[in-house]
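Sequence lines set the chain letters: A, B, ... in the order given, protein chains first and strands last, and positions in each chain run from 1.
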Amino acid sequence: MTNASDNSKPTFAQLGARPETVAALAAMGIERAFAIQQYALPIGIRGGDMIGQAPTGTGKTLGFGVPVIDRVLSPQDGADGAPQALIVVPTRELGLQVAKDLAGAGKTRGIRVLPIYGGVAYEPQVEALRKGVEILVGTPGRLLDLAKQKQLKLDRVRSLVLDEADRMLDLGFLDDVEKILSMLPEDRQTMLFSATMPDPIVHLSRRFLRNPVTVHAGHDDVPGVSPQTKQFAYRTHQLNRLELLARILQSKERGLTMIFTRTKRNADRVTEDLDFRGFAAAAVHGDLGQGARERALRAFRTGKVDVLVATDVAARGLDVSGVTHVINYDCPEDPETYVHRIGRTGRAGATGVAVTFVDWEDMPRWRLVDKTLGLEIPDPQETYHTSPWVYTDLDIPTDTSGTLPTADRSRVGLGAEHEEDLGGGRSRRRTTTKRGGSDAPAAERPPRRRRRITGEAELVTEEALADAEVKPRRRRRRGGAEAPVIVEGAAPQADDATEAERKPRRRGAATAVLEAAPAEDSADAPKARRRRRRRSGGTSGSADSAAE
DNA sequence: AAAAAAG
């Protein structure tokens with residue numbers, strides 16, 4: 001899909017990307033920049049440290065990817081093959097995807113991008129390192145493994161990116177990430193990107209950042225979440241969940257669907273049950289071999305199966321076009337997980353449907369998710385006693401006359417817009433009828449409540465940035481790190497200046513607010529102010545910031 | 001508490 005005609009967005013050339021990169025992006029069908037890219041490119045290209053936050057599916061990868069590409073020397077420029085940039089990611093499949101995106105953007109300059117991750121043979125990776133690469137994208141375990149074996153030199157890395165940064169800096173990963181950081185030159189660019197940035201993580205991250213700019217793009221309604229995704233919650237019971245699931249999967253409006261479970265075993269169980277009922281489902285979780293994981297994801301991306309059942313290994317970052325439904329078969333444990341899971345749909349302007357199953361035991365954590373994010377989804381309790389699987393707003397068959405719901409086999413393989421050659425003379429059709437456009441399901445219904453996207457407008461100019469850094473309204477230092485500049489995607493209110501001075505962000509990070517977006521229309525202003533106040537008055541740091 | 005990430 002090309003976005004060339006959207007004149008409201010700047011081109012990558014206007015944002016300072018190299019002409020070769022602009023050409024490479026054009027070849028990928030990408031001409032215009034999303035909000036996060038508008039803000040991040042000018043800062044990243046000149047080598048600045050940054051915390052980049054934007055909703056799921058709004059282009060964070062190229063937000064750091066273009067700066068990384070444009071800052072490395074190509075082989076023609078005299079690159080000697082030592083890695084000049086490192087992107088660290090939390091899962092192997094995400095590493096593969098990011099590496100492909102960057103390779104595409106760096107193609108015209110011959111930039112070599114190497115994915116490094118476990119579960120696959122060492123030799124190809126070692127061999128590629130020996131030949132030389134400009135950019136590494138990897139998961140921590142294998143990166144450290146190869147570094148320890150001296151197969152990998154990180155002392156020439158000039159740019160470091162933590163993708164899904166809050167995940168990379170939480171307890172499961174922090175030790176490994178710190179080890180990796182200790183192997184990098186101190187004089188380097190560091191960029192942190194995620195849709196969610198809990199306060200404690202932001203605070204922790206200041207140890208690794210120098211004069212960071214915080215770039216915060218997106219809408220201010222349910223921040224982090226794509227506004228085009230319609231969200232539902234059902235009150236469920238262990239005994240009726242599979243029935244409800246099968247009925248949702250029979251929806252005529254459904255395209256590719258991701259189902260999230262809490263455990264690997266549950267992912268297998270659900271997959272087996274759906275398979276038994278005739279649905280084309282595949283499972284992805286960490287107990288599977290790497291080959292099986294990648295095959296499952298590939299089958300899903302190509303539409304060979306239209307249901308992917310996954311643990312949270314697939315919750316973050318994965319970009320699969322045509323995903324219309326996300327179903328939280330097991331309720332997510334925390335607001336961040338919810339945001340990332342449902343962010344697999346409603347990407348790049350497409351519409352989506354997110355359904356969460358809430359058992360009685362899940363009510364406390366669901367209420368926390370709903371309250372923290374300000375979702376205001378109707379209490380699932382109310383939907384229970386009427387009929388366990390009828391919810392009028394969602395298009396699912398309500399006939400409960402006794403037959404087990406089973407798959408309509410014609411779903412997979414029919415209604416195709418194009419075919420793809422699988423090789424060997426076979427071809428496969430893809431169901432692409434639900435892809436993103438105005439015919440998608442949620443677009444036909446009036447939005448539950450009004451949502452507005454801001455932060456998509458003006459360029460962040462060099463002068464404006466310089467101005468913001470020279471004249472901060474307030475500057476505090478803590479732990480030797482410069483307080484960051486905040487570039488807000490959402491338009492600041494008229495009274496924000498005084499509010500910022502009176503009540504800077506808890507971590508003392510709000511030093512300057514750069515007005516990078518157009519003024520809101522006045523009708524919306526009181527509402528937005530109220531929201532902002534509610535957010536800043538939150539009690540739990542993580543809860544509060546999850547919503548930002 | 002589970003999942004992920006080295007083998």
Taking donor-acceptor contacts at under 3.5 Å, does the side chain of A:Arg92 reach the base of B:dA5? no
Compute whether any side-chain donor of one residue and acceptor of the other, for A:Gln290 and A:Glu294, lie under 3.5 angstrom apart. yes
Side-chain contact check for A:Arg142: nearest option of B:dA6, B:dA4, B:dA1 is B:dA6
In whole angstrom, what separates A:Leu288's CG from B:dA3's C1'? 13 Å
Nearest whole Å is fine: how far is B:dA3 C1' from A:Asp334 CG? 12 Å
Could you tell me the separation between the CG atom of A:Asp287 and the C1' atom of B:dA5, rounded to a whole number of Å? 13 Å
Does the pair A:Asp359/A:Arg241 count as a salt bridge with the N-to-O cut at 4.0 Å? yes
Ignoring backbone atoms, test whether A:Thr139 places a side-chain nitrogen or oxygen under 4.0 Å from the OP1 or OP2 oxygen of B:dA6. yes
Classify the ring geometry between A:Tyr329 and A:Phe357 as parallel (under 30°), tilted (30 to 60°) or perpendicular (over 60°). tilted
A:Gln125 CD to B:dA6 P, straight-line distance once rounded to whole Å: 9 Å
Nucleotide B:dA2, atom P - distance to NE2 of A:His285 in whole Å: 16 Å
With respect to the side chain of A:Thr263, which nucleotide from B:dA5, B:dA1, B:dA3 is positioned closest? B:dA3
Round to the nearest Å and state the distance from A:Lys264 atom NZ to B:dA5 atom P. 9 Å
Whole Å only: how far is the CD atom of A:Glu361 from the P atom of B:dA1? 17 Å
Taking only side-chain N and O atoms of A:Lys148, does any of them lie within less than 4.0 angstrom of OP1 or OP2 on B:dA6? no
Would you indicate what A:Gly172 reaches in the nucleic acid, counting non-hydrogen atoms under 4.0 angstrom: base, sugar-phosphate, or nothing? base
Could you tell me how far apart A:Asn266 (CG) and B:dA1 (P) are, to the nearest whole angstrom? 18 Å
Using a 4.0 Å heavy-atom cut-off across all strands, classify A:Phe260 as base, sugar-phosphate, or nothing. nothing
Using distance alone, with no hydrogens and no angle criterion, decide if A:Gln125 and A:Arg142 have a side-chain donor and acceptor under 3.5 Å apart. yes
Give me the one residue out of A:Arg158, A:Arg156, A:Arg210 that meets salt bridge (Lys or Arg N to Asp or Glu O under 4.0 Å) with A:Asp187. A:Arg210
Residue-phosphate contact under 4.0 Å: A:Thr311 side-chain N/O, B:dA4 OP1/OP2: yes
Mind checking A:Arg293 for me? I need base, sugar-phosphate or nothing, with any heavy atom below 4.0 Å counting as a touch. sugar-phosphate
